[in-house]
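Read through the structure below, which is laid out as structure tokens, and then see the notes.
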Amino acid sequence: MRIVLLGAPGAGKGTVAKQLTGYDGSVQISTGDILRNAVKAGTELGKTAKGFMERGELVPDQLIMDIMEARLKDPDCQKGFLLDGFPRTIPQAEALKKLLAKLNIKLDRVINLDVPKDVILDRLTTRRTCSNVDCQEIYNIKSKPPTPDGKCIKCGSPAVQRADETEEAITKRLETYNEKTSPLINFYEKEGLLKSISSLSSEEIVAQVKAAIG
Ligand code: AMP
């Protein structure tokens with residue numbers, strides 16, 4: 001499948017993408033994970049991105065497009081991909097459209113995860129993420145806790161609160177989403193690609209995505 005997952009931070013894009021990757025060999029491409037890996041590794045990209053990310057702002061479009069152009073050309077994307085957290089602005093969506101046309105790739109669907117704001121806020125403050133860059137499993141201290149001593153169940157690394165999950169950064173990320181990313185719903189509606197799903201259960205969302213792509 002070739003899909004874009006849209007939705008506010010905490011809407012469940014990462015969780016749903018991880019569950020869908022086993023379905024038909026499509027890979028999850030999370031620009032957030034790529035950037036967090038770059039920050040940890042201390043690369044030039046990471047050094048540039050760090051400040052934007054910690055403040056809850058978006059990293060400049062051109063940097064993101066450079067990452068995505070290279071990533072979509074990787075051979076493992078041939079079976080399909082789930083774009084998680086990209087595109088995030090209208091210029092990114094327009095650049096993606098051009099890039100896909102150049103690569104002769106057609107998007108199947110754009111899935112919008114429509115989750116109420118109170119649920120989003122609760123999820124973001126209770127989320128924990130595995131600190132191992134090769135794992136990044138997502139936990140929630142209420143609904144899917146890590147081990148009692150705070151470790152990832154899959155790989156044993158500490159499951160931690162992300163640097164951008166302070167109350168201040170969360171507020172900023174939600175503002176950024178409303179201002180810059182939510183216009184994409186209209187953009188993809190006009191393209192005839194949009195499907196909105198308002199379920200809160202990731203299993204139910206996965207089932208609906210599978211049904212939507214046939
Ligand atoms: P995420 O894990 O998707 O919530 O992304 C974490 C942070 O990485 C965001 O708050 C942004 O600072 C940055 N980021 C991720 N994806 C993008 C993107 N497509 N465009 C710009 N910034 C991004």
Side-chain angles (χ1 to χ4, degrees), residues 3-18 20-21 27-41 43-72 81-100 107 110-113 115 117 119-121 123-140 159-185 187-188:
I3 64 172
V4 169
L5 287 162
L6 275 185
K13 301 184 295 294
T15 303
V16 166
K18 283 190 172 68
L20 278 167
T21 48
V27 289
Q28 173 192 12
I29 306 179
S30 156
T31 38
D33 284 353
I34 294 171
L35 293 167
R36 277 185 290 281
N37 292 353
V39 170
K40 266 212 158 165
T43 62
E44 278 311 305
L45 169 67
K47 284 181 199 154
T48 312
K50 191 169 189 276
F52 292 103
M53 294 173 78
E54 284 179 356
R55 289 190 298 275
E57 292 168 13
L58 293 180
V59 172
D61 289 334
Q62 192 53 54
L63 268 185
I64 298 289
M65 288 318 302
D66 292 346
I67 296 172
M68 285 308 299
E69 172 144 18
R71 184 67 186 90
L72 283 170
F81 48 76
L82 300 126
L83 304 185
D84 157 16
F86 168 86
R88 252 201 176 68
T89 63
I90 294 282
Q92 287 182 19
E94 277 165 352
L96 174 66
K97 193 175 165 182
K98 278 195 196 133
L99 175 60
L100 291 179
L107 275 182
V110 174
I111 307 291
N112 176 40
L113 303 182
V115 176
K117 199 177 164 206
V119 177
I120 293 279
L121 277 176
R123 279 189 187 166
L124 288 176
T125 47
T126 53
R127 175 154 78 179
R128 299 292 180 271
T129 306
C130 174
S131 55
N132 172 1
V133 292
D134 296 322
C135 178
Q136 305 210 26
E137 183 70 6
I138 300 164
Y139 294 93
N140 180 288
V160 297
Q161 197 156 18
R162 281 169 34 177
D164 61 357
E165 282 172 358
T166 61
E167 211 176 308
E168 205 184 342
I170 289 172
T171 307
K172 179 70 189 163
R173 282 163 68 206
L174 292 176
E175 274 172 27
T176 305
Y177 169 79
N178 286 332
E179 187 192 332
K180 304 258 174 65
T181 309
S182 65
L184 295 184
I185 296 173
F187 178 94
Y188 283 118

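All of these numbers come straight from a predicted model, not from anything done at the bench. As the structure lists them, so they are numbered: ligands from 1, and atoms in each ligand from 1.
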**Asked** Which ligand 1 atoms are under 4.0 Å away from a heavy-atom of Gln92?
**Response** 18 (C), 19 (N), 20 (N), 21 (C)

**Message:** Are any of the N/O atoms on Val59, whether in the backbone or the side chain, positioned under 3.5 angstrom from an N/O atom of ligand 1?
**Reply:** yes

**Request:** Please name the pair of heavy atoms, one in Ser131 and one in Val160, separated by the smallest distance, quoted to 0.1 Å.
**Result:** CB-CG2, 4.1 Å

**Prompt:** Cation over ring, Arg55 on Phe52, under 6.0 Å and within 45°?
**Reply:** yes

**Asked** Does the N or O separation between Asp33 and ligand 1 drop below 3.5 Å for any pair?
**Response** no

**Side-chain donor/acceptor of Arg88 to backbone N/O of Leu58, under 3.5 Å** = no

**Message:** Students should be able to answer this: which protein heavy-atom is nearest to atom 13 (C) of ligand 1, and at what distance?
**Reply:** Leu35 CD1, 3.6 Å

**Item:** Interfacing atoms of ligand 1 (cut-off 4.0 Å, heavy-atom, Glu57)
**Value:** 11 (C), 12 (O)

**Fill in**
All heavy atoms of Gln136 vs all of Thr129, minimum pair found to be O-CG2, 4.0 Å

**Request:** Check each heavy atom of Ile64 against ligand 1 and say whether those closer than 4.0 Å belong to the side chain, the backbone, both or neither.
**Result:** side chain

**Prompt:** In the protein, which heavy atom is nearest to atom 16 (N) of ligand 1, and how far is it?
**Reply:** Thr31 OG1, 2.8 Å

**Prompt:** How does Arg162 reach ligand 1, if at all, at less than 4.0 Å between non-hydrogen atoms: by side chain, backbone, both, or neither?
**Reply:** side chain

**Fill in**
Only one of Thr31, Asp66, Ile29 passes side-chain contact (heavy atoms from CB on, under 4.5 Å) with Arg71, and that residue is Ile29

**Asked** Strictly under 4.0 Å, does any heavy atom of Lys13 approach an atom of ligand 1?
**Response** no

**Request:** Consider every N or O of Arg88 and every N or O of ligand 1, then say whether any pair is closer than 3.5 Å.
**Result:** yes

**Request:** Could you list the atoms of ligand 1 found under 4.0 angstrom from a heavy atom of Asp164?
**Result:** 6 (C)

**Complete:** protein heavy-atom neighbour closest to atom 8 (O) of ligand 1 works out as Met53 CE, 3.5 Å

**Request:** Without swapping roles, check the side chain of Arg123 against the backbone of Gly10 for a donor-acceptor pair under 3.5 Å.
**Result:** yes

**Asked** Under 4.5 Å between any side-chain heavy atoms of Arg128 and Gln161, yes or no?
**Response** yes

**Message:** Please find the pair of heavy atoms, one from Pro87 and one from Leu184, that lie closest to each other, and give the distance.
**Reply:** O-CD1, 3.2 Å

**Asked** Under 4.0 Å between a Lys/Arg side-chain N and an Asp/Glu carboxylate O for Glu94 and Lys97?
**Response** no

**Prompt:** Can you find an N/O atom of Gly85 closer than 3.5 Å to an N/O atom of ligand 1?
**Reply:** yes

